[in-house]
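Supplied in C-alpha cells, the structure appears directly below.
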Amino acid sequence: GADREGKGKETSSARELHLINDDLEFNSGLQSWMKSNELLELGLDYRLVAVLGCQSSGKSTLLNIMFGTNFQTMDEELGRSQTTTGIWAGVSEFSKTLVMDVEGTDGRERGDDTNFERKTSLFSLAAAQMLLINIWMQDVGRRNAANMPLLRTVMELHLQLFLGSKKGKLKILFVIRDHIRTPLDRLAGTLRSDLEAIWEEVSKGGPYEGKSSGEFFDLDFVALPSKPHEPEAFQSAAEELRWRINDRTRPDSLWGADNFPDVPADGFQVFTQSIWETVRDNKDIDIPTQMEMLATCRCDEIADVQYAEFLAAVQPLRDHLAEASAPPAQFGGPVSDAFAAAVASFRDQSKRYNREIAERKLGVLEDKMIAAAENLYVKHLAAHRELALAAFRTSLDQVLPADPAPAPHFAADVARLRKEALGGFADQAEMALLRGNPGGWRYGKEQSRLEEEIALVEEEKRREHLARLQHAFREKVRNQLGKPLGRLLDDPRDDLWTKVGKLLREAETDTVAEFCGALLDGYACTEEEVASLEADLRAEVRNNLQTTVRAKGSMIMYQMEQTFDNAFRNNADGLPRHWTPADNVREIYKAGLECARKTLENLAIMRLDSSLASVSVLDDELDNHHEALVIDQNEAKQVWAKFKKGTQGALADAERAQDQASAKNGLPWLYIGLLVIFARDEIQFVMQNPVYILLLLVLAALVFVGYKFNLHVMILPVVNTVKEQATEQLADFFSKNRPKKQSSTPQ
C-alpha cells in the first residue's frame with residue numbers, strides 16, 4: 001500500500017470503503033459498494049472479520065497480507081501516528097470474506113476518551129463473526145499493552161449481545177506478533193488465564209451466572225515471526241494463516257460450526273446501519289429487535305421488487321385486454337407462472353430472515369399480486385362474457401328461420417345454446433383461475449350477469465321473431481278478410497253483417513288458433529301468455545275488419561247512389577228506365593229512396609253484435625254504440641239529407657220525361673194537316689233536294705232510336721237546339737231563294 005501512504009481516507013476505492021468516519025457517520029453507499037463487489041447475492045455464504053488492537057500495531061498490514069486488501073499502512077520513516085480512522089471495510093481477494101479495519105485503541109489522538117473505542121468494539125462484535133486481536137509477544141502478560149481493557153469490553157459487550165439472544169459463539173483469534181522462542185502454548189495459556197480472570201470479574205447475572213467463557217467465546221491463537229527481522233518466515237506464516245481463514249474447507253480452518261452470520265448479505269447495510277445508529281446514540285442493542293427490523297425492511301424491499309416483476313410479467317395481458325377485441329388465448333397459465341415465480345423468488349431471498357416476518361410479508365405480497373391479478377381476471381371474464389354473448393346471439397340468428405315462419409324448436413334451441421354459452425364461459429373462467437385458486441376467486445357473479453344478458457337477448461329475439469310472425473299474421477288476416485269483405489261491402493245486401501260475422505269467426509278460429517298453437521309448441525309460452533296474446537290477436541282481427549269497413553265509409557254516398565239508380569233510373573233488367581204515362585214516378589222514387597236508406601243504414605253501423613240488428617243510424621240515439629259506427633251519426637244524417645236533395649233533380653227529370661212522352665203520344669192530326677198545307681212549298685223544295693231528304697232520314701232514324709231506348713230524356717234538349725237552329729237556317733234559306741211572281745200590267 002505504498003501508493004496510499006500519507007493520503008487521507010475521506011474517499012473510497014473499488015475494494016475498500018470508509019464505512020464509519022471520524023464524525024461517527026455511517027456510509028450510506030455500502031449497498032452499492034457491496035453490489036459492485038458482487039457480494040449482495042451471497043446470502044449467508046460469507047464471513048466478516050474485524051481486527052482490533054492497539055494503534056500502530058500493524059493491523060492494516062496484517063489484513064492486507066491475509067486478505068489482499070489495500071488498507072493504508074503507517075510509514076515508519078514519517079514517524080509513528082494514527083493511520084486508520086473510524087472503520088474501514090474491504091473485500092478479501094481470496095474468499096467470500098468481508099474485512100473491517102477498526103481504528104486502533106490506546107492512541108494519543110483520542111487520549112483517555114474510550115467512548116469511540118467502546119462504540120466501534122460493540123459495533124464490531126454485533127457485525128463480525130471473527131475478531132482478530134493483534135498483540136505483540138512481549139506484551140503478553142501485561143494489562144494495557146496486551147489489550148486487557150479492550151478484551152474486558154469485548155466480553156462485557158458480547159455477553160450483553162447474548163442477553164439479547166445473539167446466536168453463535170464469537171471467534172476470537174489472537175495473532176501474536178514477533179514471536180520468538182516462547183512456545184505458543186505457554187503464550188496461549190497466559191492469555192487464557194488472563195481472560196478467565198476478566199471473565200470472573202464480569203457481571204453476568206441472570207441465566208448466565210456460573211457459565212464459563214467457553215460457552216460464549218471460541219478462542220484460537222497463532223504466532224507470526226517478526227516481519228522486519230524474518231520477512232520470509234513472516235510471509236510464509238502469514239500466508240498459511242491467510243488460507244486457514246479464507247479457505248473454510250481446510251481441516252485446520254479457523255472457522256468453527258458456530259461462526260456463521262445471522263444477516264444475509266443483501267440486508268447487511270440495513271442491519272449494520274441500524275446497529276451503528278443504536279450504538280452511536282448510546283442505546284442498548286437489541287439484536288432480536290434489530291433482526292426483526294432488518295427482516296421487515298428487507299422483506300418489504302424483496303416484496304416490492306417481486307411485485308414489480310409480477311406486474312411486468314402480466315403487463316402483456318393487461319395491454320391485450322385493453323386493446324384487443326378478443327380475450328387472450330392464455331391467461332391462467334401465464335399469471336400463475338408469474339405468481340409462482342414471484343413467490344419462489346421471495347422465498348429464496350427471504351429464507352435467511354426471520355421466518356415469521358418473512359411469511360407475513362409473503363402473505364402481504366401474495367394478497368397484492370392476487371388483487372392485481374383479480375382485476376385482470378375480472379376484465380378477462382368480462383371479455384369472455386361479451387364473446388359468449390356475441391356467439392349466443394349469432395348462433396340464435398342462425399337457427400331462427402329467415403322468413404316470417406314459426407320456429408317450432410325455438411325454446412329447445414335457446415336452451416341448448418344457453419347451456420353451451422354458459423358452459424363455455426365457465427370452462428374459460430376455470431382455466432383462467434390461478435393454480436390452486438389462492439385468492440378464492442369466484443366467477444358466479446359474471447356468470448349470472450351473462451345469464452341475465454342471454455335472457456335479454458333471448459327475449460329480444462323472441463319478441464323480434466314474434467313481431468315478424470304477427471306481421472305475417474296481419475298480412476294473412478288482411479288477405480283473408482280483404483277481398484271477401486270488399487265484395488260484401490261493394491254490394492251490401494240485407495244479410496251483409498251475417499256474412500261479415502261468419503268471415504270474422506273463420507279468421508279468428510283458423511288463423512288465430514294456428515298462430516297460438518305455434519306459440520305453445522315452439523316458443524314455450526305459458527298458457528297465460530298465450531291467452532293474453534290470443535285476446536290481442538282477436539282484437540287485432542276485429543280492428544283490421546273495422547279498419548277495412550271504415551275505409552269504405554267514404555264510399556257510402558256512392559253506394560247509395562248506385563242503389564238508388566238501380567231502383568229508380570233502371571228497370572228490372574238493369575236498363576235505363578223509359579218513362580211512360582202509366583208509370584207512378586213518385587212511388588218509384590220513394591222506393592228508390594228507401595233502398596238508398598237501407599244501404600246507408602247497412603253501411604253506417606257495423607252490426608256484428610245482434611243487439612245492433614234493428615237500430616237506426618238516422619232515427620235512434622246511439623251514444624252507447626260509438627265503436628260500432630262507421631261514420632258519425634251526425635255525418636250520416638248530413639249524408640242522407642244531401643242525398644235526398646241530390647235525387648230531387650232525378651225526380652224532376654223523370655216527371656219531365658213522362659210529360660214529354662204524353663205530349664208525343666197525343667199530337668193532334670189537325671196540327672199535322674195544317675203543317676202540310678202551310679209548308680207545302682218547303683216540303684216540295686226539300687223533296688226536290690236529295691241532300692235534305694237524306695238529312696231528314698238520318699234525323700228520323702235518330703228519333704226512332706231515342707224513342708225506342710228511352711234516350712229522349714238525355715238527347716231531347718240537344719235535338720231541340722239543333723231543330724231550332726236548323727229551322728232558322730232553313731227559313732232564311734227559303735226566304736232568299738223563293739221564286740218571285742211576275743206582276744201583270746194591263747195592256
Side-chain angles (χ1 to χ4, degrees), residues 307 310-342 366-404 407 409-469 522-525 529:
Y307 182 67
F310 172 79
L311 293 181
V314 300
Q315 186 62 40
L317 295 175
R318 189 187 306 275
D319 294 340
H320 185 99
L321 289 170
E323 299 171 1
S325 57
Q330 298 292 330
F331 181 87
V335 176
S336 296
D337 291 343
F339 183 87
E366 289 177 336
D367 290 343
K368 287 178 64 178
M369 291 191 296
I370 289 172
E374 186 174 15
N375 184 39
L376 292 180
Y377 180 70
V378 170
K379 294 180 180 180
H380 184 71
L381 291 186
H384 271 292
R385 191 189 72 248
E386 294 177 0
L387 192 65
L389 185 63
F392 174 81
R393 186 186 296 272
T394 301
S395 299
L396 188 56
D397 287 336
Q398 292 173 350
V399 300
L400 287 175
D403 56 337
H409 307 296
F410 179 84
D413 289 337
V414 166
R416 175 177 56 81
L417 294 176
R418 184 195 308 115
K419 182 178 180 181
E420 290 176 358
L422 294 175
F425 175 81
D427 291 342
Q428 291 296 331
E430 287 287 346
M431 291 171 58
L433 290 173
L434 290 178
R435 296 189 191 100
N437 195 12
W441 293 347
R442 298 290 183 270
Y443 54 86
K445 184 177 180 180
E446 287 293 325
Q447 192 173 32
S448 297
R449 183 176 175 184
L450 173 61
E451 194 166 2
E452 292 172 0
E453 292 173 338
I454 286 177
L456 291 176
V457 172
E458 173 188 344
E459 184 62 21
E460 172 193 340
K461 292 297 181 181
R462 190 168 78 106
R463 290 183 180 277
E464 178 183 323
H465 198 67
L466 287 178
R468 291 166 57 192
L469 287 180
Y523 295 89
C525 296
E529 290 176 327

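Worth saying up front: this structure is predicted, and the values here are computed from it rather than measured. The chain is numbered in sequence order, starting from 1.
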Relative to each other, are the rings of Phe339 and Phe310 parallel, tilted or perpendicular (30° and 60° limits)?
->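 Judged by the thresholds at 30° and 60°, the geometry between Phe339 and Phe310 is perpendicular.
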Note, Glu453 side chain near Phe392 side chain (heavy atom, < 4.5 Å) |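 Contact flag for Glu453/Phe392 side chains = no.
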Gap between atom CG of Asp367 and atom OH of Tyr307 - 0.5 Å precision |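 So the gap between those two atoms works out to 11.0 Å.
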For the pair Glu460 and Arg393, find out whether any cationic side-chain nitrogen is under 4.0 Å from an anionic carboxylate oxygen.
->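 Arg393 and Glu460: salt-bridged.
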Would the number of heavy atoms belonging to other residues, nucleotides or ligands and lying under 6.0 Å from CZ of Arg463 be above 12?
->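 Result for CZ/Arg463: open.
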Any side-chain heavy atom of Leu317 sitting closer than 4.5 Å to one from His380?
->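 No, every pair of side-chain atoms sits at 4.5 Å or beyond.
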Are any side-chain N or O atoms of His320 and backbone N or O atoms of Ala326, one a donor and one an acceptor, separated by less than 3.5 Å?
->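 Checked: pair present.
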Compare all side-chain heavy atoms of Lys461 with those of Val414 and state whether any distance is below 4.5 angstrom.
->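 Sidechains of Val414 and Lys461: no contact.
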Hey, could you give me the CD1/CZ distance between Ile454 and Arg385, rounded to the nearest 0.5 Å?
->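 The CD1 atom of Ile454 sits 10.5 Å away from the CZ atom of Arg385.
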List the atom of Ala383, the atom of Leu321, and the distance in Å for their closest heavy-atom pair.
->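 The answer is CB-CD2, 4.4 Å.
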Output, in order, the C-alpha distance, side-chain angles, deciding distance and verdict of side chain to side chain contact (heavy atoms under 4.5 Å, CB included) for Val457 and Glu452.
-> CA-CA 9 Å; Val457 172; Glu452 292 172 0; over 6 Å; no
Which heavy atom of Gln447 sits nearest a heavy atom of Ala426, and at what distance?
->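 So the minimum-distance heavy-atom pair works out to NE2-CB, 3.6 Å.
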Enter the distance from Lys445:NZ to Leu450:CG here, rounded to the nearest 0.5 Å.
->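 If we round to the nearest 0.5 Å, Lys445:NZ and Leu450:CG are 14.5 Å apart.
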Value rounded to 0.5 Å, distance of CG in Leu381 from CZ in Arg449 =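 Here the rounded value is 11.0 Å.
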Are any non-hydrogen side-chain atoms of Val314 and Pro334 less than 4.5 angstrom apart?
->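 They are not in contact (no side-chain heavy atoms under 4.5 Å apart), so the answer is no.
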Are Val378 and Trp441 side-chain neighbours, meaning at least one heavy-atom pair lies under 4.5 Å?
->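 Heavy-atom side-chain distance check fails, nothing below 4.5 Å.
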Any side-chain heavy atom of Leu433 within less than 4.5 Å of one from Glu430?
->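 Yes; the side chains approach each other to less than 4.5 Å.
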First locate atom CG of Leu396, then atom CZ of Arg416, and finally report the distance between them rounded to the nearest 0.5 Å.
->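 Between Leu396 CG and Arg416 CZ, I get 9.5 Å after rounding to 0.5 Å.
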Atom pair CG (Leu434) and OG (Ser336), whose distance is rounded to the nearest 0.5 Å =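 Interatomic distance, Leu434 CG to Ser336 OG, rounded to 0.5 Å: 4.5 Å.
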Should Asn375 and Lys379 count as side-chain neighbours, where that means a heavy-atom distance under 4.5 Å?
->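 Yes. Closest side-chain heavy atoms under 4.5 Å.
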Are the aromatic ring centres of His384 and Phe425 under 6.0 angstrom apart?
->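 Judged by ring-centre distance (under 6.0 Å), His384 and Phe425 do not meet the cut-off.
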